Engineer: 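Mind looking over this structure? Questions follow.
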Amino acid sequence: MGIATLVLTIQLQRARRDTRQLQRYVSKLQNAERTLKKHAFFDPLTGLPNRLLLMDRFQRAIQHAKRSRTQFAVLMVDLNKFKAINDTYGHAAGDKVLVTIAQRMVSLVRSTDTVARLGGDEFVLIIESLTEREQIGTLGQKLIDLLAEEILLDSGEAVSLGGSVGFAWYPSDGDSLKDILEVADEAMYFCKTSGLMAL
């Protein structure tokens, strides 16, 4: 093997080694970016969208409603007995309750809808492409029934929470997430104090 060939072979080996190192570095950067996005936009406990991603989904729902000339509903959901369960059985049990409720709510709605966690025991749903208010009344009752279902804790004990649901409508109740959530929150409080849903 001539000197020129040997030098070329060594350079080629170094280039391959450098390429592999660069690929590993790029892969690490991509993984780090995915992790950052997940932490920025999703609730770490339930995996649901957080408030930041909810704002984005709300804007997308507005754009879709304008294009399709439909309305959509925003539902505020509050768990009625969560604090008591958390205090009695501990935070691990409380976490299991939140995760279970989150999974059940996601299974209740369409993949095009949004279920988000605002924090604590408050959840927000965006239900798109609605034509009649009765549709959301039916969903609200299903949500209340779902929240009343028992949850089996790791200790073997079964707990039941119950919940309150409030509604707001785009565009009749506002055109910003802040305004819509205020209306939904008032309706949720009415549900909590009266036991009735305000449609």
Side-chain angles (χ1 to χ4, degrees), residues 28 30-58 60-61 73-127 136 139-168 177-198:
K28 285 180 181 178
Q30 289 172 336
N31 288 336
E33 183 182 15
R34 280 192 290 270
T35 301
L36 282 172
K37 282 184 178 177
K38 187 174 181 181
H39 287 308
F41 296 113
F42 292 91
D43 173 56
L45 176 64
T46 62
L48 295 178
N50 61 16
R51 184 181 290 270
L52 195 59
L53 186 52
L54 176 67
M55 292 169 64
D56 179 69
R57 297 277 176 89
F58 181 79
R60 282 173 40 194
V74 174
L75 285 68
M76 178 80 79
V77 178
D78 184 70
L79 308 182
N80 289 348
K81 301 175 188 173
F82 178 71
K83 186 177 185 307
I85 289 171
N86 219 19
D87 292 345
T88 304
Y89 299 102
H91 291 293
D95 287 351
K96 172 154 190 177
V97 165
L98 291 172
V99 170
T100 303
I101 291 293
Q103 291 169 344
R104 289 178 181 177
M105 285 196 290
V106 168
S107 71
L108 189 64
V109 300
R110 301 163 299 185
S111 60
T112 53
D113 299 321
T114 297
V115 181
R117 182 184 177 210
L118 288 189
D121 61 347
E122 284 190 335
F123 297 85
V124 171
L125 288 75
I126 298 177
I127 310 298
I136 213 65
L139 176 61
Q141 189 56 57
K142 286 181 179 177
L143 270 172
I144 287 176
D145 293 344
L146 177 150
L147 296 172
E149 290 177 9
E150 287 189 339
I151 296 172
L152 188 65
L153 301 179
D154 293 337
S155 64
E157 295 184 69
V159 295
S160 178
L161 291 88
S164 304
V165 180
F167 307 91
L177 182 59
K178 179 178 178 292
D179 292 343
I180 292 280
L181 286 180
E182 283 178 1
V183 173
D185 190 57
E186 286 177 14
M188 185 269 294
Y189 184 74
F190 174 80
C191 179
K192 187 182 285 286
T193 55
S194 69
L196 301 171
M197 285 185 293

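All values derive from a computational prediction rather than experimental measurement.
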Engineer: Looking at NZ of K192 and CG of D78, how far apart are the two atoms once the value is rounded to the nearest 0.5 Å?
Structural biologist: 3.5 Å

Engineer: Out of D113, L75, V165, which residue meets the side-chain contact (heavy atoms from CB on, under 4.5 Å) rule with L139?
Structural biologist: L75

Engineer: For the CG atom of L54 and the CZ atom of F123, what is their distance to the nearest 0.5 Å?
Structural biologist: 12.5 Å

Engineer: Any side-chain to backbone donor/acceptor pair from S160 onto E150? Under 3.5 Å, distance only.
Structural biologist: no

Engineer: In Å, rounded to the nearest 0.5 Å, how long is the span from CD1 of I151 to NZ of K96?
Structural biologist: 9.0 Å

Engineer: Is any side-chain heavy atom of I180 closer than 4.5 Å to one of F58?
Structural biologist: yes

Engineer: Tell me if a side-chain donor or acceptor on N50 pairs with a main-chain N or O of A40 at a distance below 3.5 Å.
Structural biologist: yes

Engineer: Hey, does V77 have a side-chain heavy atom less than 4.5 Å from the side chain of M188?
Structural biologist: no

Engineer: Drop me the distance from L177's CG to D56's CG, to the nearest 0.5 angstrom.
Structural biologist: 11.0 Å

Engineer: Answer yes or no: is there a donor N or O on one side and an acceptor on the other, between the side chain of T88 and the main chain of I85, under 3.5 Å?
Structural biologist: no

Engineer: Does any non-hydrogen side-chain atom of L125 lie less than 4.5 Å from one of L143?
Structural biologist: yes

Engineer: Is the count of non-hydrogen atoms from other residues, nucleotides or ligands lying under 6.0 Å from R104 atom CZ greater than 12?
Structural biologist: yes

